[in-house]
Amino acid sequence: MDNSDLTTALEGAFAHPVFDAQAAFRAVLSALAEPGTVHALPAAGPPAPLSAGAGAVLLTLADQETPVYLAPAFAAAAPWLTFHTGAPVTADPAAARFAAVTGLNALPNGLSVGDDVYPDRSATLIAPVRLSGRTLRLAGPGIDGARTLDADLSDAVLARLAANRALFPRGLDFILIDEAGAGVVGLPRTTEVTCTSQ
Amino acid sequence: MTLTYNFAYLDEATKRMIRRAILKAVAIPGYQVPFASREMPMPYGWGTGGVQVTASIIGPDDTLKVIDQGSDDTTNAVSIRAFFARVANVAVTTATRDATIIQTRHRIPETPLSAGQILVFQVPIPEPLRFLEPRETETRVMHALEEYGLMHVKLYEDIARHGHIATTYAYPVKVEGRYIMDPSPTPKFDNPKMHRSPALQLFGAGREKRIYAVPPFTEVVSLDFEDHPFAVQAFDAPCALCGATGVYLDEIVTDDAGGRMFTCSDTDFCTQRRAAEAPNV
């Protein structure tokens with residue numbers, strides 16, 4: 001590691017660790033409690049290409065108790081993550097409590113979905129999403145009837161989400177980071193996602 | 001030396017652990033997520049679970065209301081409100097409408113909650129099956145297998161013995177058609193308010209080390225039978241102070257000669273109604 005890598009790893013924390021973590025948590029909580037709504041995250045500066053939003057979520061939720069899986073593209077963020085959170089970076093998806101991936105179409109195999117007795121022991125995915133393209137219809141807990149969300153999720157991804165929902169109460173939960181900004185959208189395992197446009 | 005605490009009392013590592021539990025609880029409505037409950041500067045049974053949940057979610061911009069059996073001015077409510085005013089320096093209120101977070105012991109306010117509000121329940125026994133099956137290993141498996149026949153037997157035995165379902169508080173509910181959940185010892189009068197509430201409902205049990213949640217607009221159905229449908233308590237007379245009907249009333253003993261009156265359990269609701277009726281008083 002040369003000095004520029006070291007500087008990258010040391011910088012990019014929350015400006016106000018206590019209050020920014022609280023604000024980021026409330027954004028993620030609102031996002032998962034009301035799937036399809038977009039909430040602003042406080043600024044964080046992880047090494048590219050890991051997004052600021054994904055970095056903010058990891059700074060808020062990850063620590064020495066939560067192994068984190070980083071997609072190979074995010075390998076440069078590993079020293080940053082370990083320095084700021086103490087979280088062990090794991091290459092084994094099955095061991096990960098959080099997984100930062102490059103998209104919903106690029107999920108590693110073997111992520112934990114919990115078991116029937118302890119369905120909370122499942123991985124939480126952090127993935128970028130483009131909030132335009134297709135019009136999606138969301139339904140389920142947190143939604144009064146139905147909510148529309150514009151996002152570029154392919155049919156294959158929607159099928160993956162439907163299969164995940166069918167596992168309930170087991171399943172993965174998704175924290176999606178708007179590629180264009182630092183907004184966060186939640187898709188918990190309970191949300192039914194269908195496409196209403198082509 | 002002045003003692004200072006981290007914002008909202010809990011250290012950041014504890015908050016992170018509780019926050020992770022809350023997020024999984026929201027993702028699995030009605031399921032009890034284990035968490036590493038901490039000792040708090042108050043005894044178990046005084047709302048340590050609710051306090052830990054509130055401490056983990058509250059921020060400087062929040063306005064906190066705390067109620068104890070509907071009342072803003074009983075010991076538990078006053079001390080928890082003062083606790084957060086001191087350790088988090090947040091605004092506090094008694095007005096349901098002005099609060100962003102409402103911590104409650106055993107009531108849901110009469111004033112309808114709105115989107116964006118968070119209701120935090122203090123829960124003594126989170127496991128609805130506990131008095132039917134004492135072993136945690138067994139109740140875990142019963143929830144996993146959706147094996148809830150025992151609960152219906154319990155309600156049936158109520159009917160066989162009393163002619164009606166005699167459970168009046170901590171009345172079991174089914175959340176989103178899956179998990180049976182203890183709504184905490186709220187009177188069953190409040191169960192319908194949980195159904196499709198626009199507010200997020202979080203439940204913290206400190207001694208039992210469990211957190212669970214009901215997201216907004218989630219189905220919360222009280223268990224019953226076709227021939228013995230669920231019904232809430234009804235009161236013969238309106239509130240003696242504000243005249244409200246269709247609200248939950250407390251019995252207040254007024255003298256040593258058997259005198260008593262029935263008044264709103266929700267003191268904020270009652271006060272606001274009386275203020276509106278007599279604006280010049």
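Quick note on labels: first sequence line is chain A, next is B, and so on, each numbered from 1. Computed from a prediction, not measured in an experiment: that's the story for all the values here.
No side-chain donor-acceptor contact under 3.5 Å links B/T93 to the backbone of B/A99.
For A/F98, the part sitting under 4.5 Å from any heavy atom of chain B is the side chain, from C-beta outward, and nothing else. Proximity to chain A is limited to the side chain of B/I118, based on heavy atoms less than 4.5 angstrom apart. With a 4.5 angstrom heavy-atom cutoff, B/N6 touches chain A only via side-chain atoms. Contacts of B/L200 with chain A are made by side-chain atoms alone, with heavy-atom separations under 4.5 Å and no backbone atom involved. Neither the backbone nor the side chain of A/A23 has a heavy atom closer than 4.5 Å to any heavy atom of chain B. With a 4.5 angstrom heavy-atom cutoff, A/T66 touches chain B only via side-chain atoms. Proximity to chain A (any heavy atom under 4.5 Å) is shown, for B/R19, by both the backbone and the side chain. In this structure, the portions of A/T124 lying under 4.5 Å from any heavy atom of chain B include both its backbone and its side chain. Contact of B/D11 with chain A is not made at all, since no heavy-atom distance falls under 4.5 Å. Residue A/R97 touches chain B through its side chain alone, counting heavy-atom pairs closer than 4.5 Å. In this structure, the portions of A/L61 lying under 4.5 Å from any heavy atom of chain B include both its backbone and its side chain.
No option in B/I102, B/I108, B/D182 other than B/I108 meets the side-chain contact (heavy atoms from CB on, under 4.5 Å) test with B/F121.
Of the listed residues (B/M17, B/E176, B/M142), the one with the most heavy-atom contacts under 4.5 Å to chain A is B/E176. Each of B/I22, B/I28, B/V141 has some count of heavy-atom pairs under 4.5 Å with chain A, and the biggest count is that of B/I28. The candidate with the highest count of non-hydrogen atom pairs below 4.5 Å against chain B, out of A/S30, A/S122, A/G86, is A/S122. The candidate with the highest count of non-hydrogen atom pairs below 4.5 Å against chain B, out of A/P188, A/A33, A/P119, is A/P119.
Between B/K15 and A/V18, the closest heavy-atom pair is NZ-CG1, 4.1 Å. Of all heavy-atom pairs spanning A/P108 and A/V101, the tightest one is CD-CG1, 3.7 Å. When all heavy atoms are compared, the tightest approach of B/T218 to B/P29 is CG2-CB, 4.3 Å. Taking each heavy atom of A/L153 and A/L136 in turn, the nearest pair found is CD1-CD1, 3.7 Å. Residues A/R189 and A/L172 share a closest heavy-atom pair of CB-O, 3.5 Å. Counting all heavy atoms, side chain and backbone alike, B/A21 lies closest to B/F35 at CB-CB, 4.1 Å.
The pair A/R170-A/D115 does not meet the salt-bridge criterion, since no charged nitrogen lies less than 4.0 angstrom from a carboxylate oxygen. Salt bridge present: B/E110 and B/K193 bring a charged side-chain N and a carboxylate O closer than 4.0 Å. Look at A/D144 and B/R196 and you find a salt bridge, because one of the NZ, NE, NH1 or NH2 atoms lies within 4.0 Å of a carboxylate O, short of that distance.
Interatomic distance, A/T194 OG1 to A/R134 CZ, rounded to the nearest 0.5 Å: 10.5 Å. To the nearest 0.5 angstrom, B/T100 atom OG1 is 7.0 Å from B/I58 atom CD1.
Heavy atoms of other residues, nucleotides or ligands lying less than 6.0 angstrom from NE2 of B/H152 number more than 12. The number of heavy atoms from other shown groups lying within 6.0 Å of CZ (A/R165) is above 12.
Contacts of residues 207-216 of chain B with chain A at a heavy-atom distance below 4.5 Å involve B/P215, B/P216, listed in sequence order. Residues of residues 132-139 of chain B never come within less than 4.5 angstrom of chain A, heavy atom to heavy atom.
With no hydrogens or angles considered, no side-chain donor-acceptor pair links A/H39 and A/E34 at under 3.5 Å. Between the side chains of A/T85 and A/D63, no donor N or O sits under 3.5 Å from an acceptor N or O.
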